[in-house]
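The structure appears below as C-alpha cells.
Numbered from 1 within each chain, the chains take letters A, B, ... in sequence-line order.
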There are 2 protein chains.
Amino acid sequence: MKRTTITQVAKEAGVTIGTVSHVINGTAPISAETTERVRRAIKALNYIPNATAKSLRSKKNYTIGLMLPNLNNSFHSKVASAFIDKAYIEGYSVQIHGYEYSLERERRELERLERNNIGTVIIFNGYGDEREIKNFLQKGIPVILADRSSTIAQVPHIKFDNHKIMLDIVSALQKKGYQRIGFFSEPIQLTNLKERFQGYQEALKKCGLSFNPKDVFVRDDLCLDNLKNGYRYMRDILSINEKKTLPDAWIASSDLLAIGMMRAMHECGYQIPADFGVVGFDNTEISGYVNPRLTTVEQNQILLGEKLMEMVKQINCDKKSVENISLEQSLVIRESC
Amino acid sequence: MKRTTITQVAKEAGVTIGTVSHVINGTAPISAETTERVRRAIKALNYIPNATAKSLRSKKNYTIGLMLPNLNNSFHSKVASAFIDKAYIEGYSVQIHGYEYSLERERRELERLERNNIGTVIIFNGYGDEREIKNFLQKGIPVILADRSSTIAQVPHIKFDNHKIMLDIVSALQKKGYQRIGFFSEPIQLTNLKERFQGYQEALKKCGLSFNPKDVFVRDDLCLDNLKNGYRYMRDILSINEKKTLPDAWIASSDLLAIGMMRAMHECGYQIPADFGVVGFDNTEISGYVNPRLTTVEQNQILLGEKLMEMVKQINCDKKSVENISLEQSLVIRESC
DNA sequence: TTGAAAGCGGTACCAG
DNA sequence: CTGGTACCGCTTTCAA
C-alpha cells in the first residue's frame, strides 16, 4: 500500500540505510558486490526515493516556481511550455502559479512559493513586489525576473529589447505612408510596456512625428480577454470618433489585441491595411493565419524559455555572476500594414 | 540568511515547538495569552512554515501533478489556467509536466511525480500507462484521468460527450446541404479521438450517409504545431486531388487545425463555406475572430478545470465514491459552414 | 568500505 | 493547556 522507503531497501539488501544512500548518490566508494545487492533490492521493491525527504535533509531542491499572470495568452503559455520542456531535461520540476494580474494575489502566491520550499523563483512581469523579492534573497532563494527589468541588484532579468523594436516599427510604418501612429495597449504598468511606451515616444521623435497623448489608447480591461476586449474597445472607439480624427496606424501591445481590433474595423466597414494599418506583438502562431495576415513582432518564446533555464542552472551554481539577458525582437511584415 | 524555523519561533515565544504547531494548526486548545505571544513571535520573525517538512511528517500533501502533452495549444493551456486558478483558491499548488505526446516520456514524468511525493495526479489524454497508474493506486496516490475515459476501476475520469456532438455536427452539416463529410484529425490514439471517430461513423449511418475510409485524413505530425501542419497537409491534399474527389465538408479535430486548413483552402482559391464547409473543435477564443468566423464545438475549458478541482477535493476526502463526469459540448454555428 | 547516529523542520501522541 | 519526545525518509559526518 505505502511507498517503499530506503529502510526497506536496506533491510532487503542486508545493509544500512547510509550504504543505500551512498550507492544511489555515489557519495562514497561501495564495493561492487554490495552495490549489486542494493541495486537488486531497489529493483525488487520498486523503490523510488522520496524527493521531499531528500530536499528537507540536503537543502537542495530541484523545483522551480514559475509565477506568471496566467496561461490564457499564448505568449506565456508558449514560454512556459518551452521552459517546462527544458526543465524536464535538466531534471527540474516546475510549479506554476498564476497571479491574474493582481498584486495582492502575486504576493500571496510568492508566500506560497516560500512555504513550498521552492528552490528557484521566476517572476514574469509583475510589479510592486520588491519587498517579497528581497525576502527571497535574504533566505537564500534565488529569483529571476522575466520579461521585465529589475531594479534590485543581485536579481538578474531576461527581457526583450523594447527600444530598438519600437523604432523599427515606427519607421516601417512611416515608410508605408502612415502619418499618425496610435498606441493601443493594456495598462502601462509592467516594465516591458513602460519601455515600449518610452520607445514609442522616442521613435516618433526620431522619425519627425509628433507625440500626441490622444493617440494613446489604454483601457484597464485590456489585460484580460485580449481578443474580446480589444474588439470591444475598438468598436467603441470607432463608433464615437470619425476616422479622420483617429490614427491611421496602430501598434497593439499583443497579437490578440490586434486581431480583436481588426475584427472591429472589419465589422465597421474599414479595410486593412488601406484604411488602418495594424501591428501586433508576439508573433503568436495564429497571427500568420488570420485575414489579413498580421504584421507583428517576433518574440522568440522558445528561446526565452531556454535561456531562462540556462539562467536557473547558472544561478544554482555560482549564485553570483549571472548576467542579464536582452533578447532581440524583429518585425515580421505581413499584410496588415 | 536562512528561513526561520518553528524552533526559533518557539524560543522567541518562550514555548515549545509543539505549542507553536498547535496554535498554527488549531490542533489543541491553547490559552489566548500564549496564542497571542506565539502570533507575535511569528510576525516578528516573519515565520512561514515549511510545507516540505510538514508533508513529510503528516503524509498530507497539497500539491497536484498535472500531466499533459504540453501547453502549446489553447485547449490545454486554458484548462490548466482555470485549474491553477481554482487550485489557488483551495490552497493547492500545481506542478505541471509535459510529455510532448511521447509515451516513454510520459512514463518518466510519472515516475518523477512519484519521486516528488505528489498528492494527487491528473493525467490528460495519454495512453498505454495502465501499469504506472496502478502503481500510483497501490501507493495510495489518487489518479484522475482527464479528457479521456478510463478502463481501470477506481480511477475516475472527466471528459466530453463525444458521441452526441458528432451526431449534432453531421446532421447540421447535412442540413446545410453538404454531402460528403471528411474527418481531418491527428492520430486516432487517444480515447477522446477514438470516441469522436466512432461517433462520426455512427452519425453518418444515422443520417443515411455512407462511411468512406477515403474521407478520413490523418497524419502523424498533426498533433504538433496544429496550425502549420494542418495548413501543410491541406495544401498537399488540395494539390494532389481534384475538388470533386474530396469531401465538401470537413470536421477538424481542433480549431487550430481548422484554421490552418482554411488558410490552405483560401490560398488555393477556394471559398468557405461555398466550396468547403469547415467545423473545428474547442471553440478557442480565436475561432470567433478569424475570417470567416469558424463554426466549432464549444468545449468549456473553464468548466473542465473547475470540475477537475472538485474531483480532486472529493478524492482527497472520500477516496472512494468519485463519480465520472461527462461534460456536454455544443455546436457553435458561425460562418465557416 | 560500511555501520551507527545525528539531524532537516515539522506533527502527533502522551504526560502532567 | 502545555511540555517532552518519537519519528517522517533521507543525507551526512564520524568511527570502526
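Residue B/Ile302 qualifies as open at atom CD1: its count of foreign heavy atoms under 6.0 Å is 12 or below. Atom OH of A/Tyr88 has more than 12 heavy atoms from other residues, nucleotides or ligands within 6.0 Å.
Contact annotation for A/Val20: no contact, since no heavy-atom pair falls under 4.0 Å across all strands. Within the nucleic acid shown, A/Ser21 comes within 4.0 Å of at least one base atom, counting heavy atoms only. Among the atoms of the strands shown, base atoms are found under 4.0 Å from some heavy atom of A/Thr16. Across all strands shown, B/Thr34 has heavy atoms under 4.0 Å from sugar-phosphate atoms exclusively, and none from any base.
One interatomic measurement links the two molecules: CG of B/Asn25 to P of C/dA12, which rounds to 7 Å at whole-angstrom precision. Rounded to a whole Å, the NZ atom of A/Lys59 is 19 Å from the P atom of D/dG9. Between the P atom of C/dG10 and the CD1 atom of B/Ile6 lies a distance of 5 Å, rounded to the nearest Å. Look at CD on A/Gln8: it is 8 Å from P on D/dG9, rounded to the nearest Å. We find that CG of B/Asn117 is positioned 15 Å from C1' of C/dG9, with the value rounded to whole Å. Counting to the nearest Å, the P atom of C/dC8 and the NZ atom of A/Lys139 are 17 Å from each other. Put simply, CZ on A/Arg57 is 6 Å from C1' on C/dC8, counting in whole angstrom units. Per the geometry, CD1 belonging to B/Ile30 stands 13 Å off P belonging to C/dT11, to the nearest Å.
Two residues, B/Ile17 and B/Ala53, neighbour DNA chain D, and the one matched to the more 5' nucleotide by heavy-atom proximity is B/Ile17. The nearest heavy atom of DNA chain C to B/Leu56 and to B/Thr19 marks one nucleotide each, and the one closer to the 5' end goes with B/Leu56. Toward the 5′ end of DNA chain D lies the nearest nucleotide of B/Arg37, the other residue of the pair B/Ser58 and B/Arg37 mapping further downstream.
Residue B/Ser31 places at least one side-chain N or O closer than 4.0 Å to OP1 or OP2 of D/dT2.
Side-chain polar atoms of B/Ser74 and B/Ser77 form no donor-acceptor pair below 3.5 angstrom. With hydrogens and angles left out, the side-chain atoms of A/Asn316 and A/Thr120 include a donor and acceptor closer than 3.5 Å.
Relative to the side chain of B/His22, the nucleotides C/dG10, C/dT11, C/dC13 differ in distance, and C/dC13 lies closest.
Rounded to the nearest 0.5 angstrom, B/Leu71 CG and A/Leu71 CG are separated by 4.5 Å.
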